[in-house]
Each structure stands twice: as C-alpha cells, then as structure tokens.
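One structure, pasted below without further comment.
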Amino acid sequence: MNLAVQIAPEHKSGLLLSNPVMTASGTFGYGTEYPHLFDIQKLGAIVCKGTTYQPREGNPQPRLMETASGVLNSIGLQNIGVKALVREKAPIWAGWRVPVIVNIAGETIDEYARIARELNGVAGVSAIEVNISCPNVSEGGAEFGVDPKTAARVTAAVKASTSLPLIVKLTPNTGDIVKVALAVAEAGADAVSLINTLKGMAIDSRTRRPVIGNRTGGLSGPAIKPVALFMVYEVAGAVTIPVIGCGGITGGSDAVEFIMAGASAVQIGTASFNNPRAPFDILRGIERFMENHGVNDLAELIGAARG
Ligand SMILES: Cc1cc2nc3c(=O)[nH]c(=O)nc-3n(C[C@H](O)[C@H](O)[C@H](O)COP(=O)(O)O)c2cc1C
C-alpha cells in the first residue's frame with residue numbers, strides 16, 4: 001500500500017511525506033516532548049508550535065476552555081522565539097526521519113521575513129508553514145489572512161527570504177477563503193493548509209465577563225469539521241497546488257473525508273488533547289480504510305468526492 005505523498009511538487013527539493021498524517025501547529029509542542037511515548041518517526045510530518053522572532057509569554061489566563069464539541073483557545077503564540085528554536089530544537093530534529101515543519105507568525109510582514117531568514121538552511125527544518133491568522137499590528141490589527149492582497153504580500157516576502165518549501169495556512173475568518181488561497185498560490189506558496197481556528201467567545205453568566213482572558217479565542221475541534229471540510233473542498237477545486245486539510249479531524253474516517261474532498265494530507269490538532277495517540281490512530285484508520293476498500297495508493301482517494 002502506498003501512502004506517500006508529495007506536498008511541494010513545484011519546489012526544487014520537494015517535501016515528500018511517507019504518509020499524509022501531520023500534527024497541527026500548537027497542539028504537539030516541538031515534537032521533542034513525545035519520543036519516549038510513541039514512535040513519532042511514523043508520522044508524515046510534525047508541525048511545531050507557532051514561532052515568532054522574539055520569545056513570547058502569550059496571552060493572559062484563562063487561555064483554553066472546552067465548549068460543546070470543541071475548544072476555545074487564546075494562547076497568544078507563547079513560544080521560545082526563532083533563535084532558541086534553531087539552537088535547541090533543530091539539532092534534535094536533524095536526527096529524525098520525520099520531517100519537521102516550522103510554523104511561523106509575525107506582527108509585521110518584515111517580521112515574517114526575518115523569521116524565515118533565520119530558518120533558511122538550518123538542518124532539521126524541512127519546510128515553513130506561514131500562519132497568516134495573526135493580527136497585522138502595523139495596519140490596524142486585522143488578520144493578515146483576511147485580505148487576499150495582504151496574504152499575498154506576506155507569502156511573497158517569506159518566499160523571497162527562504163529556499164525551503166512554503167505552506168501557507170489559511171484562516172477561515174475571511175469573506176472568501178478561495179480568493180485568499182488563489183492569491184497566496186500566485187505569490188509562490190508551494191501548498192496551502194486550512195483551516196486555522198474560527199473566531200469565537202464564551203461568557204460566564206455569573207461573573208458577566210468573557211471567560212477567555214483575551215475576551216475572544218479560536219474555536220477548534222469536531223464543532224468546526226463541516227466548515228473546514230467545505231472550505232477544503234472549495235479551495236481544492238480552485239488551486240493547483242496541494243491542499244492540507246485541518247479542522248476537527250478525530251478519527252480515520254474524518255481524515256478520509258478530507259482526502260476525498262481534495263486534501264493531499266491532513267493535520268490533527270485538538271483530537272490530541274483527548275487522545276495523545278490520535279495522529280497514530282488516525283493513520284491506522286486511513287490504512288484500514290484502504291485495506292477494506294481495496295485501495296492500493298492514497299492518490300486514488302485524493303479528491304474522490306469531487307464530481
Ligand atoms: C491550543 C492551540 C494552539 C494553537 N496554536 C497554533 C499556532 O501556534 N499556529 C497555528 O497556525 N495554528 C495554531 N492552532 C490551530 C491548529 O493548528 C488547527 O489549525 C486548529 O486547531 C484546527 O484543527 P483541530 O480542530 O484539529 O484542532 C492552535 C490550536 C490550538 C487548539
């Protein structure tokens with residue numbers, strides 16, 4: 001059975017995964033926390049925590065709460081900063097078989113470019129995933145990924161600063177995600193991943209205050225799966241670069257649905273909080289589906305639900 005998938009076919013070195021299952025950024029740390037628990041080398045790829053130029057403490061507590069069928073989070077990109085990542089984490093990743101993709105986040109376009117430059121040529125870093133769901137501090141705080149032109153400018157700036165394969169991670173908090181996907185593809189993205197969290201909030205009726213310290217948060221988990229699946233379907237129908245599906249994937253059958261919608265690979269986020277083995281169980285679930293349905297090559301399933 002062939003589960004291998006090429007995520008960056010247009011890139012000179014490409015990004016070949018042994019299978020389509022990756023961890024989603026912010027939900028699996030740096031991967032270094034887990035090798036004693038499971039064989040992480042079996043995963044298709046690991047996407048590490050969102051990384052900024054300077055280290056960040058993140059947002060005020062509370063930052064995470066469970067909702068009906070999901071999680072609201074406002075972690076605020078707590079991370080060690082790109083220089084510490086290159087010094088302390090990349091040398092460990094360099095000894096791994098599983099590719100590690102570094103998710104990056106900036107407050108300005110220049111910050112995105114500076115982070116990408118720091119990662120260029122670093123052994124152990126296989127690709128960059130650009131999180132464009134961050135507030136654009138120099139232009140009023142709207143997410144970079146809301147406007148196709150701004151999203152394209154971030155993509156082009158990162159592309160010019162790195163020779164690594166580039167995945168752009170799209171936000172669902174925009175009027176037309178297809179337009180943003182087309183704009184970042186045109187600007188040089190090798191693949192797109194979607195979706196990031198949907199903006200949401202919760203209010204404590206006793207205190208009459210928002211529950212999350214930062215007032216709002218991002219919703220993830222099973223609650224967002226139908227929205228994510230629809231957006232993957234729409235984007236995969238519009239772009240010619242690979243699409244990576246993410247949002248509420250909890251079991252192997254969810255992953256198969258995203259692949260049938262047109263995703264070449266999937267990312268597993270919130271499901272890992274309930275079950276840290278979720279990415280492994282989901283990989284096994286995809287394999288079992290293929291066995292049971294006589295599918296020898298994953299490529300046969302990609303986009304199978306498209307008419
Ligand atoms: C606690 C938490 C932290 C996250 N941190 C990041 C991050 O740093 N960068 C990013 O691009 N996405 C981040 N995400 C979004 C996830 O990677 C994923 O896109 C989203 O949660 C939807 O997938 P899921 O429903 O499988 O969790 C975070 C999500 C959660 C729940």
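Remember, predicted model here, so these are calculated numbers, not experimental data. Counting starts at 1 for both ligands and their atoms, following the listed order.
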**Q.** Top protein contact for atom 8 (O) of ligand 1, by heavy-atom distance
**A.**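 For atom 8 (O) of ligand 1, the nearest protein heavy atom is G50 N, 3.1 Å.
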Q: Mind telling me whether W96 and W93 have parallel, tilted or perpendicular rings, with 30° and 60° as the class edges?
A: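 The rings of W93 and W96 sit tilted, inter-plane angle from 30° to 60°.
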Q: Starting from atom 23 (O) of ligand 1, find the nearest protein heavy-atom neighbour and note its residue, name and distance.
A: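 Atom 23 (O) of ligand 1 sits closest to the protein heavy atom C246 SG, 3.3 Å.
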(Q) Give me the residue, atom name and distance of the protein heavy atom closest to atom 3 (C) of ligand 1. (A)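 The closest one turns out to be G26 O, 3.5 Å.
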Q: Give the residue, atom name and distance (to 0.1 Å) of the protein heavy atom nearest atom 11 (O) of ligand 1.
A: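 The answer is N103 ND2, 2.9 Å.
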Q. So which of K169, K49, E129, R63 gets nearest to atom 10 (C) of ligand 1, if we judge by its closest heavy atom?
A.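 When every heavy atom of K169, K49, E129, R63 is considered, K169 comes closest to atom 10 (C) of ligand 1.
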Q | Check: D147 side chain, T150 main-chain N or O, donor-acceptor pair, under 3.5 Å | A |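 Yes: the side chain of D147 pairs with the backbone of T150.
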**Q.** K49 bridged to E33 by N-O distance under 4.0 Å
**A.**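 Not counted as a salt bridge, because no side-chain N and carboxylate O are separated by less than 4.0 Å.
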**Q.** Donor-acceptor pair, side chain of Y112 and main chain of N131, under 3.5 angstrom
**A.**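 Flag set: sc Y112 to bb N131 pair under 3.5 Å.
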Q. Non-hydrogen atoms of I195 versus ligand 1: any pair closer than 4.0 Å?
A.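 Yes, I195 has a heavy atom closer than 4.0 Å to ligand 1.
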Q. Quick check: does any side chain N or O of H293 sit under 3.5 Å from a backbone N or O of V295, one acting as donor and the other as acceptor?
A.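 Answer holds: no.
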Q: State whether the shortest distance between N or O atoms of G248 and N or O atoms of ligand 1 falls below 3.5 angstrom.
A: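 Min N/O separation from ligand 1 is below 3.5 Å for G248.
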**Q.** Any N/O pair G221/ligand 1 closer than 3.5 Å
**A.**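 Yes: some nitrogen or oxygen of G221 is under 3.5 Å from one in ligand 1.
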Q | Any A271 heavy atom less than 4.0 Å from ligand 1 | A |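 For ligand 1, residue contact (heavy atoms, under 4.0 Å) with A271 is absent.
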Q | Candidate list V266, I268, I244, V98, test side-chain contact (heavy atoms from CB on, under 4.5 Å), partner M22, passing option | A |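 Single side-chain contact (heavy atoms from CB on, under 4.5 Å) partner of M22 among V266, I268, I244, V98: I244.
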Q. Do any N/O atoms on A24 end up under 3.5 angstrom from N/O atoms on ligand 1?
A.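 Not met; the criterion fails.
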Q | Distance-only N or O hit between ligand 1 and S25, under 3.5 Å | A |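 Between S25 and ligand 1, an N or O pair is found under 3.5 Å apart.
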(Q) Check whether N79 reaches the backbone of L77 with its side chain - one donor and one acceptor, N or O, closer than 3.5 Å. (A)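 Yes; judged by distance alone, with no hydrogens or angles, the pair exists.
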Q. Considering only heavy atoms, which of N73, N196, L77 lies nearest to atom 2 (C) of ligand 1?
A.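 Result: the heavy atom closest to atom 2 (C) of ligand 1 is in N73.
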Q) Does the distance from a Lys or Arg side-chain N to an Asp or Glu carboxylate O, for R114 and E111, drop under 4.0 Å? A)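 The answer is no: the pair does not qualify as a salt bridge.
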Q. Looking only at N/O atoms, are T27 and ligand 1 under 3.5 Å apart anywhere?
A.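 Looking only at distances, the answer is no, because the N/O contact criterion of under 3.5 Å is not met.
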Q) Can you tell me which residue and heavy atom of the protein come closest to atom 26 (O) of ligand 1, and the distance to 0.1 Å? A)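 I find the closest protein heavy atom is G269 N, 3.1 Å.
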Q: Among all protein heavy atoms, pick the one closest to atom 21 (O) of ligand 1 and tell me residue, atom and distance.
A: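 Heavy-atom neighbour on the protein nearest atom 21 (O) of ligand 1: S220 CB, 3.2 Å.
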**Q.** Basic-acidic side-chain contact under 4.0 Å: E107, R56
**A.**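 Result for this pair is yes, salt bridge flagged.
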Q: Assess T197 for proximity to ligand 1: is some non-hydrogen atom of it under 4.0 Å away?
A: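 Yes.
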Q) Between the side chain of N19 and the main-chain N/O of G44, is any donor-acceptor distance below 3.5 Å? A)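 Confirmed, N19 side chain pairs with G44 backbone.
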